[in-house]
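Below, all heavy atoms of this structure are taken into account, side chains as well, without hydrogens, waters or symmetry copies. Note that the structure is a prediction, hence the values are computed from the model and not measured. Letters A, B, ... mirror the listed sequences (proteins, then strands); counts begin at 1.
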Number of protein chains: 2
Amino acid sequence: MSGGRSDKRRAILDGALTEFGRDGYARASIDAIAAAAGVSTRTIYAHFGNKAGLFESVIQESATRVADTQIAIVERHLGKVVHLEADLEAFGLELTEPMTGFRDHFSLVRHVNADLDHIPPAAIEAWQDAGPRRVVGALADRLRQLADRGLLALGVPAENDPDAAAKLAASHLMLLVQGAVPFHHGVGANREPDRESMVQAGVRVFLRGYLPAPGSGSRRPAAG
Amino acid sequence: MSGGRSDKRRAILDGALTEFGRDGYARASIDAIAAAAGVSTRTIYAHFGNKAGLFESVIQESATRVADTQIAIVERHLGKVVHLEADLEAFGLELTEPMTGFRDHFSLVRHVNADLDHIPPAAIEAWQDAGPRRVVGALADRLRQLADRGLLALGVPAENDPDAAAKLAASHLMLLVQGAVPFHHGVGANREPDRESMVQAGVRVFLRGYLPAPGSGSRRPAAG
DNA sequence: GCCGAAGTACAACCAACGTTTTACTATTTG
DNA sequence: CAAATAGTAAAACGTTGGTTGTACTTCGGC
C-alpha cells in the first residue's frame with residue numbers, strides 16, 4: 001500500500017517525538033511509543049538499540065527539521081530587507097507560528113533543557129549544532145549584513161569571537177520575539193490573541209536597542 | 001541537639017528540593033529524598049501524604065522564598081532610583097545571582113515548565129501566584145512609578161487590564177536580564193564571566209525600548 | 001512513671017518498565 | 001524454490017519504585 005518497506009523508522013520517530021514531547025524521557029514508555037507508531041517494541045530495538053539511542057535520534061532529527069524551517073523564515077524575511085521594522089515583525093510573527101505547529105518538538109526541548117544532567121554531553125552538542133546554533137548563526141549573518149548596510153549597530157566585537165556581537169544580538173532578537181509565545185495554555189498570563197502585539201513590542205524593543213544612533217556611520221549602540 | 005522535635009519537615013523539604021531539582025518529578029525517588037533528608041520514607045508519607053503532595057509543598061515553599069528574595073532585590077535597587085541605567089544594571093546583576101545561589105529551585109522550575117501537562121492546574125496556579133506573578137507585579141509597580149516620574153514610557157494600557165503595559169515591560173526586563181545567565185554549563189554558548197556584560201547589554205536594550213522620546217512628558221514608546 | 005506523638009527500620013505488595021527470548025509470519029531477492 | 005530480511009506477538013526476566021503495615025524506639029509533658 002503506502003510504502004515499499006521501511007516507513008517503520010519514520011513512524012517510530014514520529015510516535016517517539018509525540019510521546020517524549022508530552023511525557024519527557026523518563027515518563028515516556030517504549031510500549032506507548034510502539035503503540036503510537038503502530039509497531040512492535042522489538043522493531044524499535046532493532047532500529048535504535050535502546051531507549052537512549054532512540055531519544056538521541058529523535059531530538060537530532062526533529063531539531064534539524066525545525067531549524068531548517070526557521071532558517072527558511074530568516075532568509076525569507078531578512079534576506080532582502082526593504083522596511084526593517086515591518087520585515088522584523090513579519091519575521092517574528094512567522095517564527096512564532098511553528099511553535100504551535102511543531103508543538104511536540106518545543107515541548108521536547110523544554111524537557112531536554114530541564115534534563116541536561118541526564119543526557120550525554122555528546123548528544124547535547126550534536127543537538128545544539130544541528131538545531132539552535134545553526135538558526136542563531138543564520139540570523140546573526142543577516143543581522144551583520146544589515147549592520148554593514150548601516151541599518152543596525154551591533155556593538156563592539158570580542159577578540160576571541162568576532163561574531164559574538166552579532167550572535168548576542170541574534171539571541172536577543174530570538175529572546176524578545178519568542179518570549180511572546182506562552183509556554184502553554186496561559187502560564188505567563190498571556191493570551192493567544194495578543195501574539196501579534198507581543199511580537200511588535202519585542203521588535204520595537206530590539207530596534208530601540210540596536211538601531212544606530214542617528215547621524216553615525218556604524219557605531220556601537222551606546223557607551224559602556 | 002539542634003531542634004526540639006520537628007525540623008524533620010524542613011529537612012524533607014530541603015532534600016526533596018535537591019532531588020526534584022536535579023532529577024525532576026518522575027526520576028526522583030522517595031528513597032533518595034529520604035536519604036538526602038536523613039529521614040525514613042515513612043516520615044515523608046506521614047508529613048505529605050504522597051509523592052505528589054510532597055512535590056506541591058516543595059515548589060510552593062521554594063517559590064515563595066525565591067520570590068521574597070527577588071522582590072527584596074527589586075525594592076533595594078528600584079525603590080529609590082537615582083541613576084536609572086546604573087540602578088537597572090545593579091538590579092539585573094543581583095537578580096541573576098540567586099540563579100546560582102538557588103540553583104536547585106531554578107532547576108526545578110525548568111522541570112515544572114516542561115511537565116505542565118502532568119501537574120494539577122491548581123498546583124500550577126498556586127505556584128505562579130506565590131512566585132513569578134508576585135515578582136512581575138512588584139517589578140511592574142516600580143516601573144509604573146518610574147513612568148509616572150517620566151523616566152520611562154511604558155506604552156498604551158489595555159482596556160481590561162490597566163497594568164498590562166507595565167507587566168509587559170516587567171516581563172521584557174526579566175527576560176532580557178535573565179536571558180544573560182546560561183541554563184547550564186555553557187549550553188547557550190555563553191560563558192560565565194560575561195554575565196556582567198550580558199546584563200549590561202540587556203539593560204541597554206530595555207532602556208532603548210522604554211526610554212521616553214526626548215522632549216515628551218510621558219508618551220508611549222512608538223507608534224504602532 | 002506513664003502516655004502518646006513522632007520517628008525508625010524493615011519487610012512486603014503491587015505495578016510499571018526496559019530489555020531479551022522465542023516462535024511465528026510475510027515479503028523480498030537471488 | 002530457498003534464503004534472507006523485517007516485522008509481529010506474547011511471554012518472561014530482573015529491577016525499580018511508590019506505598020503500606022508492623023513492631024520497635026525516643027522523648028517530652030502531665
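Remark: R42(A), Y45(A), N50(A), K51(A) in residues 41-62 of chain A come within less than 4.0 Å of DNA chain C through at least one heavy atom. Taken residue by residue, residues 12-29 of chain A places no heavy atom nearer than 4.0 Å to DNA chain D.
The CG atom of D31(A) sits 16 Å away from the P atom of dA12(D) (whole-angstrom rounding). Here the P atom of nucleotide dT19(D) and the CD1 atom of I30(B) are 6 Å apart, to the nearest Å.
Contacts of Q145(B) classified as side chain to side chain donor-acceptor pair (under 3.5 Å), with partners at least two apart in sequence or in another chain: R142(B). Partners of S107(A) under the side chain to side chain donor-acceptor pair (under 3.5 Å) rule, at least two apart in sequence or in another chain, do not exist in this structure. With sequence neighbours excluded, the residues satisfying side chain to side chain donor-acceptor pair (under 3.5 Å) with D141(B) are R144(B). Remark: R65(A) pairs with no residue by the side chain to side chain donor-acceptor pair (under 3.5 Å) rule, at least two apart or across chains. D87(A) meets the salt bridge (charged side-chain N to carboxylate O under 4.0 Å, His left out) test with no other residue; sequence neighbours excluded.
You'll find the side chain of F55(B) reaches within 4.5 Å of the side chain of L108(B), heavy atoms only.
Within the structure, every pair that satisfies the side chain to side chain donor-acceptor pair (under 3.5 Å) test and touches residues 39-53 of chain B, not counting sequence neighbours, is listed here: S40(B)-T43(B). Residue pairs meeting the salt bridge (charged side-chain N to carboxylate O under 4.0 Å, His left out) criterion with at least one member in residues 15-40 of chain A, sequence neighbours excluded, are E19(A)-R22(A), R27(A)-D115(B).
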